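This structure is a prediction, so every number in the text was calculated from the model and none was measured.
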Amino acid sequence: AATEKTLEDTLAKRLGGQTSKAPVAPRATATPPPVSPESVVLGTLHVLLEEGDEMPSLDGSGLVEPYCKLWFGPTQQQSTSISVRETDVPEWQQEFKFPVRNPEAEILRVCCLDRRAEAQGRNALLGESSILINDIADGKAKEVRVGMTGGANAGGRLRLLLEFEPANEKTETTPVPPQQEGARPADPLRALDPKSVFIEGDPRVGNAVFVSLPLGYQEMCTYEWYRVVENAEAVALKGAQGYSYIPTADDVGAFLNCFVKSGGGGGSTIRTKTDERVTVSAELQEVLVEYQKKGATFQMNLSLSGDDLQLIPATLKIDSKHITVKHTADGRTALHERITPRLVVACVEESPVRFVLNAGEALNLLGEVETQEDRDTVVLLLRELVMQARLMAQRGSRSSTLEPVAADSGLYDRTLSTQH
């Protein structure tokens, strides 16, 4: 408590006033008007970036050099903090100031990054958080603790001290009736600048991406995710109805779109999309190349009739030319098929661990592995081998040597539709 009081007094001296830990101001029931960058500046938001803790190391070395970027308001004014060398408990004590035009709707976004990772050319995002300032626009300082989310290895927490300083205390404002306890605005998205809603995270197979919204908005909205391949219609992702989504092997080469809708129904909708196509990580690509050369074996449950009523334990072995399935119980070979250009491999969207193989009447297999990572690995590996078989057929080659193929080359067949 003594430390918190000292930190508050620090900011109070800078602002020339007194601070207190007053209760949060009630929110308004009326929907605020859209924010205009040309609107009158009503005051200044003072942000004291105090410290962080438990910052994750992105390369496993235990070392991290964290710094923060801050964005605020409809113009997305940006400021950058100093970096703190090689510590997971950085202390900045750095102050920032932002002009406030609409305290009921504007958002402070804080993004934490690792300078070491940037220097190594790797993804440097430690995590991010967004803060509504309508709880702070009561003229009193408020300490805010936020957890970092959104990065591939997101973690850590930040502590900030925020205070809104009115431009002119004599300025008259229109009174707004307080919101009843427990009530929610009918159309919460109407107050947001669409640019403040975006998809955060690196769109890679197996790596979660998130819709970034201000604190408190996530549970007030619904979400619909779509896969969009260039020059093709958007495909709805069945079951993907949360604010986060984990890309699968079927998403490689496509953009992800999310339609964020006000939860009450009939309200506003904001569409956001990934800036980059879904790719395969360098680590997974190395695994796939190794499997292409040496083969791979997976434990699974499968059905050779293509339905989920007769799933049996089995072993799936994949080499450069063949698929072999053996019963776990007695080791009998249930299937031994050559990998041909006709083989179609697809994920089952309704299940994160199922996939199907289809080659007409010759093969119709439903497989179920333990994890989504295994499922995506099987699907990507088989697609690369099918691609090799296709290329060899086109060239009329009889060579038994297969060269590794990039998993994001865009040649995968996504034509199979299944309802398993």
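Remark: Leu357 CG to Leu335 CG distance equals 8.5 Å, nearest 0.5 Å. Atom CZ in Arg354 sits 5.5 Å away from atom CG in Leu311 (nearest 0.5 Å). Rounding to the nearest 0.5 Å gives a distance of 10.5 Å between CG of Leu343 and CZ of Arg383. Atoms CZ and SG, from Phe210 and Cys258 in turn, are 12.5 Å apart once rounded to the nearest 0.5 Å. Taken to the nearest 0.5 Å, the CG atom of Leu160 stands 7.5 Å off from the SG atom of Cys68. Atom CG of Leu288 and atom CD of Glu283 lie 11.5 Å apart (nearest 0.5 Å).
Counting non-hydrogen atoms of other residues, nucleotides and ligands closer than 6.0 Å to CD of Gln372 gives a total above 12.
Contact of the Val228 side chain with the Lys273 side chain is not registered, since no non-hydrogen atoms from C-beta on lie closer than 4.5 Å. The closest side-chain heavy-atom distance from Leu284 to Arg204 is not below 4.5 Å. Contact of the Ser281 side chain with the Asn207 side chain is not registered, since no non-hydrogen atoms from C-beta on lie closer than 4.5 Å. The closest side-chain heavy-atom distance from Asp275 to Phe198 is not below 4.5 Å. Phe355 has its side chain within reach of Leu365: a pair of non-hydrogen atoms, C-beta onward, lies under 4.5 Å apart. Using a 4.5 Å heavy-atom cutoff, the side chains of Val146 and Val110 are not in contact. Between Thr248 and Arg375, the closest side-chain pair of non-hydrogen atoms falls below 4.5 Å. Between Asp251 and Val205 there is no side-chain heavy-atom pair separated by less than 4.5 Å.
Between Asp330 and Arg332 there is a salt bridge, since a side-chain N of the basic residue sits under 4.0 Å from a carboxylate O of the acidic one. In this structure, Arg159 pairs ionically with Glu51, as a charged nitrogen and a carboxylate oxygen lie closer than 4.0 Å.
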Notebook entry, point to check: Should Met300 and Glu368 be marked as a side chain to side chain contact (heavy atoms under 4.5 Å, CB included) after you check the CA-CA gap, both sets of side-chain angles, and the distance that decides it?
Noted result: CA-CA 6 Å; Met300 58 185 294; Glu368 180 181 84; 6.0 Å; no
Next item on the list: List the steps and the verdict of side chain to side chain contact (heavy atoms under 4.5 Å, CB included) for Val47 and Lys97.
Entry: CA-CA 6 Å; Val47 180; Lys97 298 179 181 180; over 6 Å; no
Note to self: Test side chain to side chain donor-acceptor pair (under 3.5 Å) on Glu128 and Ser212; report intermediate values, then the result.
What the structure shows: CA-CA 9 Å; Glu128 62 92 19; Ser212 181; 2.8 Å; yes
Note to self: Under the criterion side chain to side chain contact (heavy atoms under 4.5 Å, CB included), I'd like the reasoning laid out for Leu316 against Ile323: C-alpha separation, chi angles, the key distance, then a yes or no.
What the structure shows: CA-CA 7 Å; Leu316 172 66; Ile323 301 170; 3.4 Å; yes
Note to self: I'd like to know whether Val209 forms a side chain to side chain contact (heavy atoms under 4.5 Å, CB included) with Val278, so could you lay out the CA-CA distance, the side-chain angles of the two residues, the decisive distance to 0.1 Å, and finally the verdict.
What the structure shows: CA-CA 11 Å; Val209 292; Val278 176; over 6 Å; no
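In this structure, Met55 and Leu158 approach most closely via the heavy-atom pair CE-CD2, 3.4 Å. Ala389 and Pro341 get closest at one heavy-atom pair: O-CG, 3.7 Å. Residues Leu189 and Cys221 approach most closely at CD2-SG, 3.7 Å, considering heavy atoms. The two residues Ile82 and Trp92 make their nearest non-hydrogen contact at O-NE1, 3.0 Å. Shortest non-hydrogen contact noted between Asp319 and Ile339 is O-CD1, 3.6 Å. Of all the heavy atoms in Leu161 and Glu50, the pair that sits closest is CB-OE2, 3.4 Å.
Side chain of Asn364 to main chain of Asn358: no donor-acceptor pair is present (N/O by atom type, distance under 3.5 Å, no hydrogens or angles). No side-chain donor-acceptor contact under 3.5 Å links Asp193 to the backbone of Ser196. Side-chain atoms of Thr274 come within 3.5 Å of backbone atoms of Leu256 as a donor-acceptor pair (strictly under, hydrogens ignored). Without hydrogens or angle criteria, Asp376 side chain to Ala249 main chain gives a donor-acceptor distance under 3.5 Å. For Gln292 (side chain) and Glu384 (main-chain N/O), no donor-acceptor pair under 3.5 Å exists by modelled atom type.
With sequence neighbours left out, the side-chain contact (heavy atoms from CB on, under 4.5 Å) criterion links Lys317 to Thr297, Thr324. With sequence neighbours left out, Glu290 forms a salt bridge (charged side-chain N to carboxylate O under 4.0 Å, His left out) with Lys294. Residues satisfying the salt bridge (charged side-chain N to carboxylate O under 4.0 Å, His left out) test with Arg157, not counting sequence neighbours, are Asp53, Glu54. With sequence neighbours excluded, the residues satisfying side-chain hydrogen bond (donor to acceptor under 3.5 Å, both in side chains) with Asn257 are Arg271. With sequence neighbours left out, Glu224 forms a salt bridge (charged side-chain N to carboxylate O under 4.0 Å, His left out) with Lys261.
Between Tyr291 and Phe298, the ring planes are perpendicular. Angles over 60° get that label, and only those under 30° would be called parallel.
Residue pairs meeting the ring-ring contact (aromatic ring centres under 6.0 Å, His included) criterion with at least one member in residues 227-255, sequence neighbours excluded: Trp225-Tyr245.
Relative to the six-membered ring of Tyr67, Arg115 meets both conditions, a distance below 6.0 Å and an angle of at most 45° to the axis.
A side chain to side chain contact (heavy atoms under 4.5 Å, CB included) with Leu381 is found for exactly one of Val379, Leu385, Val378, namely Leu385.
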